[in-house]
Amino acid sequence: MNVHDSEKIAGIFDETGYGAAVDSGDADIIVLNTCSIRAKAEQKFTSELGKLKKAKQKNPNLKIAVAGCIAQQSGKKLLKRFPYIDFLFGPDNIGSLNSLIDGGNGRTAIEHNPDYHTSSIPMKREGGLKAWVSIMYGCDNYCAYCIVPYTRGRERSRPTSDIYDEVKSLAEEGFKEITLLGQNVNSYGKNLSDNIDFPDLLRKIHDIEGPERIRFVTSHPRDFSSKLISAVRDLPKVCEHMHLPLQAGSDTVLKAMNRGYTYSEYKAKIDMIRDADPYMAVSTDIIVGFPGETDEDFESTFQALAEIEYDSIYAFKYSKRPGTEALTLPDHVDEDVKSSRLTRLLDLQESICYRKNKVLEGKVVEVLVDGPSATNPNIMTGRTRSNKIVNFEGDEADVGNSVFVKIVEARMHSLNGEKM
Ligand code: 5AD
Ligand code: SF4
């Protein structure tokens with residue numbers, strides 16, 4: 001979502017006549033688009049900002065701006081702490097960028113804007129193959145650990161006609177893969193006057209000629225419906241990959257997290273997905289060491305991973321976020337306990353990933369080719385519909401096309417193959 005916001009920031013710069021600097025030393029303005037989902041992201045930001053202080057001393061005309069969730073959360077406090085920041089703006093205020101550039105120093109734009117979804121902001125997308133399209137903004141779920149509802153504001157769905165028009169123009173530009181973006185795509189349409197939900201939206205987007213693949217992130221398990229599974233099964237362009245964040249396998253922890261489902265309710269949805277399509281890849285997000293998580297609770301998460309056998313996981317140590325409910329909970333877990341739990345989970349998942357990839361050896365898969373690999377120009381890299389990375393010997397002519405590749409070697413996090 002942040003990378004997509006950066007495309008909007010770049011789009012405004014482009015329209016105003018600012019080009020991208022080849023080297024940050026040549027820049028007139030530097031924008032740090034920040035994430036505050038975990039403390040680590042914030043630490044990265046402060047270390048980048050430290051480097052920019054020196055750049056500003058060398059070139060006093062350089063403007064430094066901070067965008068995104070840290071700007072939203074910290075506001076004027078950030079300007080006080082780092083007086084060399086010229087201006088800052090939150091995720092709902094990207095459209096104010098021009099006036100901020102022209103205005104005096106120390107300006108902030110961090111008001112939540114419930115109408116942000118109706119604004120039309122130009123976008124400068126990287127490459128011409130894959131595009132993100134926002135379908136909703138904000139989040140109303142208030143999971144106890146999460147800062148997003150505070151930084152990105154209330155949930156708002158974008159009007160269907162705006163989404164349709166954007167995908168149509170992407171199709172005309174030749175984009176082949178569209179990823180629909182929202183914090184909780186399954187509640188799309190709740191605040192719209194038209195009677196439309198996410199499966200209906202998928203069907204509408206599917207009618208647009210051009211794109212070969214449609215993906216979406218993120219689904220909230222509580223709102224994940226059988227109607228959605230039917231739409232995914234019926235619509236050939238919708239890829240065979242679902243990202244369904246579990247967060248924890250223990251019902252006690254899920255309740256404390258305010259997730260709104262039990263493990264068995266979640267598992268029933270996974271079963272529903274696999275009954276509809278046994279080849280559907282499933283990935284998830286996990287948090288270890290949520291306040292109060294006991295060894296036993298953690299074992300439930302471990303067992304959940306062993307039982308479900310995800311194709312991939314994103315696992316994180318719980319990180320304290322200002323203003324969230326979890327911060328006030330008792331029994332915070334020691335950092336070293338969190339680390340050892342994380343290591344155990346990742347080790348388990350590595351063996352599952354390898355085993356799942358091994359099954360693909362000898363099979364032929366469809367790969368949408370992203371480009372040459374970073375290390376070898378003769379090796380092309382791309383993704384299967386199930387979102388697995390495939391490397392194969394090919395040439396520039398393959399880039400941007402879908403090719404068939406026979407898998408010859410499974411690796412932990414990728415597959416090696418031969419082009420058919
Ligand atoms: N600590 C650790 N992980 C978090 N996430 C969100 N907030 C936190 C936090 N405070 C994770 C969740 C979410 C993913 C995007 O980031 O797993 O699904
Ligand atoms: Fe955060 Fe929960 Fe909303 Fe996801 S659904 S953005 S984890 S509050």
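Both counts, for ligands and for their atoms, begin at 1 and track the order of listing.
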Protein heavy-atom partner closest to atom 5 (S) of ligand 2 - residue, atom, separation in Å:
N141 ND2, 3.4 Å
Whether D336 and R341 form a salt bridge (side-chain N of Lys/Arg under 4.0 Å from carboxylate O of Asp/Glu) is what I want to check.
no
the protein heavy atom lying closest to atom 7 (N) of ligand 1 turns out to be Y145 CD1, 3.3 Å
Should you measure from each heavy atom of R38, which atoms of ligand 1 turn up under 4.0 Å away?
1 (N), 2 (C), 3 (N), 4 (C), 5 (N), 11 (C), 16 (O)
Protein residue, atom and distance nearest to atom 3 (Fe) of ligand 2, heavy-atom basis:
C139 SG, 2.3 Å
How about H243 and Y314: are their ring centres within less than 6.0 Å of each other?
yes
Cation over ring, R411 on Y354, under 6.0 Å and within 45°?
no
For atom 1 (N) of ligand 1, closest protein heavy-atom neighbour:
S319 N, 2.9 Å
Mind checking whether K320 has a heavy atom under 4.0 Å from ligand 1?
no
I'd like to know if K56 and D86 make a salt bridge, using a cut-off of under 4.0 Å between side-chain N and carboxylate O.
yes
Atom 1 (Fe) of ligand 2 [closest protein heavy-atom partner, distance rounded to 0.1 Å]:
C146 SG, 2.3 Å
Protein contact of atom 7 (S) of ligand 2 - nearest heavy atom, named by residue and atom, plus distance:
Y145 OH, 3.4 Å
Might you point out which heavy atoms bring Y261 and Q247 nearest each other, and give the distance in Å?
OH-CG, 4.2 Å
Parallel, tilted or perpendicular: which fits the ring planes of Y318 and H332, with parallel below 30° and perpendicular above 60°?
tilted
List ligand 1 atoms under 4.0 Å from K317, heavy atoms only on the residue side.
1 (N), 2 (C)
Counting from 1, what ligand 2 atoms have a heavy atom of Y142 closer than 4.0 Å?
8 (S)
Any donor and acceptor pair, going by atom type alone, linking the side chain of N141 with main-chain N or O of C143 inside 3.5 Å?
no
With the threshold set at 4.0 Å, does a side-chain nitrogen-carboxylate oxygen contact exist between D28 and K63?
no
Can a side-chain donor-acceptor contact be found between E155 and S187 if the only test is distance below 3.5 angstrom?
yes
For atom 4 (Fe) of ligand 2, which protein heavy atom lies nearest, and how many Å away is it?
Q183 O, 4.4 Å
Considering only the protein, which heavy-atom contact is closest to atom 8 (S) of ligand 2, and what is its distance?
C143 N, 3.4 Å
With a cut-off of 4.0 Å, which atoms of ligand 1 are near a heavy atom of R321?
10 (N)
protein heavy-atom neighbour closest to atom 12 (C) of ligand 1 works out as Q247 OE1, 3.5 Å
Where on I37 is there a heavy atom closer than 4.0 Å to ligand 1, on the side chain, on the backbone, on both, or on neither?
both
Is the closest basic N to carboxylate O distance between E212 and R383 below 4.0 Å?
no
Quick one: does R152 get a heavy atom under 4.0 Å from ligand 2?
no
On a heavy-atom basis, the closest approach of F224 and K269 is O-NZ, 3.0 Å
Numbering as shown, the atoms of ligand 2 that approach P149 to under 4.0 Å (heavy-atom distance)
8 (S)
Can you list the ligand 1 atoms lying under 4.0 Å from a non-hydrogen atom of Y318?
1 (N), 2 (C)
Between D5 and R152, does any NZ, NE, NH1 or NH2 come within less than 4.0 Å of an OD or OE carboxylate oxygen?
yes
Regarding atom 15 (C) of ligand 1: of the candidates D285, I286, I287, which has the closest heavy atom?
D285
